[in-house]
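Following: one structure in structure tokens, then a few remarks.
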Amino acid sequence: MNAMPQADSNPVYAKNLMILSAVVAGKAVLSVAIFTIVRDIMVTDIIASCILVAAIALLVRGGVLRSSREMEMGDSSHPLEDVVSALKAMAVPLAGCLVCQCSLGIGWAAMLFGRLSVVLQTPESFYCVIVGALLCALCLVAARGHIKNIVNFRYYAILSCLLLLVVPWVGADLSGEAQVVSTATPWGFSESLLSVIVIVNLVGVGRRTFYVTGLIVIALNVLAWFASGACLVLFGDEVANVLWRSSLIVLIALSALEILRDYRLLEKRLDETSSRKVTDEQLVGYRLTNREKEVLLFLVQGRRAAWIAQKLYISDNTARAHVKHIYQKLGVHSREELLDFIESLK
């Protein structure tokens, strides 16, 4: 990730994360309130999920959640293509969400049909899930101002969530409260963060595409509940959990491959952009100093602030300050936006 000060993070993206952290925390608190009244975990989850969907729709409709230039896709004259593109863009985090929903469906089926399952559905596990969701909200608040590269944050967040879902396997030999905590808390954190990433992707599309794609996402989640529950009832807990774990392993591999693919694409863009000559005439009006122009040339070549500091015999803090000022003057917030700017110069 770019070595830049906090002020250079994408402001719209940071605002969206701040809003969604409040939504996640609000859903957790609301779930506790609902559970206190109904004393039924499944009913609580369904009601809280419906309220979450309604809240996101209202926030988007009111313009509170909005896209930035980096995320904007917009509606076109081909609505089907827009929906397919939106689903492709969120394929990995959406699949992660569906894996989480499958474990939820297994737990619900175990409660409804009195079947044994390693997926615990007890008041203790419910509260651990709430703790995981609140931890997710705190992490989003802490991270919102430090995100310099949206793409990297997205993929690393997805991979972290998927790896967290492996934690219950490590604690499989535990029993009692230790097993509950090691299973439910990582699940609550991962499910919340993956949902946030999916919502951020949805916010970045056109309004019409948002509603259509959102309905498809909801339908897939409901389908995951029923399919996983039916798998438990028909084939038993062992088969259901083998399928769940297999899908998780595949998702971890896909997420890692996506990170590698993204870096390769970025390196390819850097190679193409570094061969472009940036002249003083092209930068007229941006008020860059001579030193900032030197630093800009190195940034276009993909160099980091630490490398630039050594090359120019300046301190790391001075190099970061130059990078900060360059980003501010050019109106960009990430390395990808900087490359877009360089490619737009004539």
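It should be emphasised that the depicted structure is a prediction, and the values quoted were computed from it without experimental measurement.
In this structure, the side chains of V239 and L234 stay at 4.5 Å or more apart for every pair of heavy atoms. For the pair L193/V24, no side-chain contact is recorded, criterion being any heavy-atom separation below 4.5 Å from C-beta on. Proximity of V196 to N16: side-chain heavy atoms (C-beta onward) are nowhere separated by under 4.5 Å. Side-chain contact between L140 and M18: absent, with no pair of heavy atoms (C-beta onward) separated by less than 4.5 Å. By the 4.5 Å heavy-atom criterion applied to side chains, Q101 and V222 are not counted as neighbours. Side-chain atoms of L65 and K15, non-hydrogen and from C-beta on, never get closer than 4.5 Å to each other. Using a 4.5 Å heavy-atom cutoff, the side chains of H322 and I308 are not in contact. The shortest side-chain heavy-atom distance between F189 and C139 falls under the 4.5 Å cut-off.
To the nearest 0.5 Å, the span separating CG on L202 from CD1 on I197 amounts to 12.5 Å. Taking CD1 of I326 as the start and OG1 of T289 as the end, the distance is 7.5 Å to the nearest 0.5 Å. Here the CG-CD1 distance, from L59 to I199, works out to 9.5 Å after rounding to the nearest 0.5 Å. Taken to the nearest 0.5 Å, the CZ atom of F298 stands 15.0 Å off from the NZ atom of K293. The distance from atom CD of Q328 to atom NE2 of H325, rounded to the nearest 0.5 Å, is 6.0 Å. The CG atom of L52 sits 7.0 Å away from the OG atom of S195 when rounded to the nearest 0.5 Å.
Heavy-atom minimum distance, A305 versus V323: CB-CG2, 4.5 Å. Taking all atoms of both residues into account, the shortest heavy-atom contact from A110 to L232 is N-CD2, 3.4 Å. For P123 against I41, the heavy-atom pair with the smallest separation is N-CD1, 4.1 Å. Between I130 and S31, the shortest heavy-atom distance links the atoms CD1-CB, 3.8 Å. The two residues V198 and C97 come nearest to each other via the heavy atoms CG2-SG, 3.9 Å. The nearest pair of heavy atoms linking C100 to L194 is SG-CD1, 4.2 Å.
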Steps toward side chain to side chain contact (heavy atoms under 4.5 Å, CB included) verdict (E191, V129):
CA-CA 9 Å; E191 191 272 341; V129 169; over 6 Å; no

Checking side chain to side chain contact (heavy atoms under 4.5 Å, CB included) for the pair W108/I46: CA distance, chi angles, key distance, verdict?
CA-CA 11 Å; W108 289 352; I46 293 174; 3.8 Å; yes

Take V212 and D82, measure what side chain to side chain contact (heavy atoms under 4.5 Å, CB included) needs, and give me the verdict at the end.
CA-CA 10 Å; V212 176; D82 290 339; over 6 Å; no

Assess the residue pair Y127 and V32 against the criterion (side chain to side chain contact (heavy atoms under 4.5 Å, CB included)); give the C-alpha distance rounded to whole Å, side-chain angles, the decisive distance to 0.1 Å, and a yes or no.
CA-CA 8 Å; Y127 288 118; V32 172; 4.3 Å; yes

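Side-chain heavy atoms closer than 4.5 Å link hydrophobic residues (I, L, V, M, F, W, Y) into clusters, and following such links, even through other members, never connects L30 to L58. By the criterion of side-chain heavy atoms lying less than 4.5 angstrom apart, applied directly or through intervening Ile, Leu, Val, Met, Phe, Trp or Tyr residues, L215 is not grouped with V53; the two fall into different hydrophobic clusters. Linking ILVMFWY residues whenever their side-chain heavy atoms come closer than 4.5 Å, directly or via other members, leaves I47 and I218 in distinct clusters. Cluster membership for L135 and L17, using ILVMFWY side-chain heavy atoms within less than 4.5 angstrom, is shared. Neither V233 nor F235 shares a network with the other; the hydrophobic side chains, linked directly or stepwise wherever heavy atoms of I, L, V, M, F, W or Y lie under 4.5 Å apart, form separate groups for each.
Using a 4.0 Å cut-off between charged side-chain N and carboxylate O, E292 and R287 make no salt bridge.
S228 places a side-chain N or O within 3.5 Å of a backbone atom of W225 that can act as its donor or acceptor partner.
Annotation: cation-pi geometry satisfied between R303 and W307 (NZ/CZ under 6.0 angstrom from ring centroid, within 45° of ring axis).
Contacts classified as salt bridge (charged side-chain N to carboxylate O under 4.0 Å, His left out) and involving residues 24-43 (residues at least two apart or in different chains) are not found.
Remark: aromatic rings of F341 and Y286 are close, center separation under 6.0 Å.
In this model, a donor atom of one side chain and an acceptor atom of the other lie less than 3.5 Å apart for S315 and T318.
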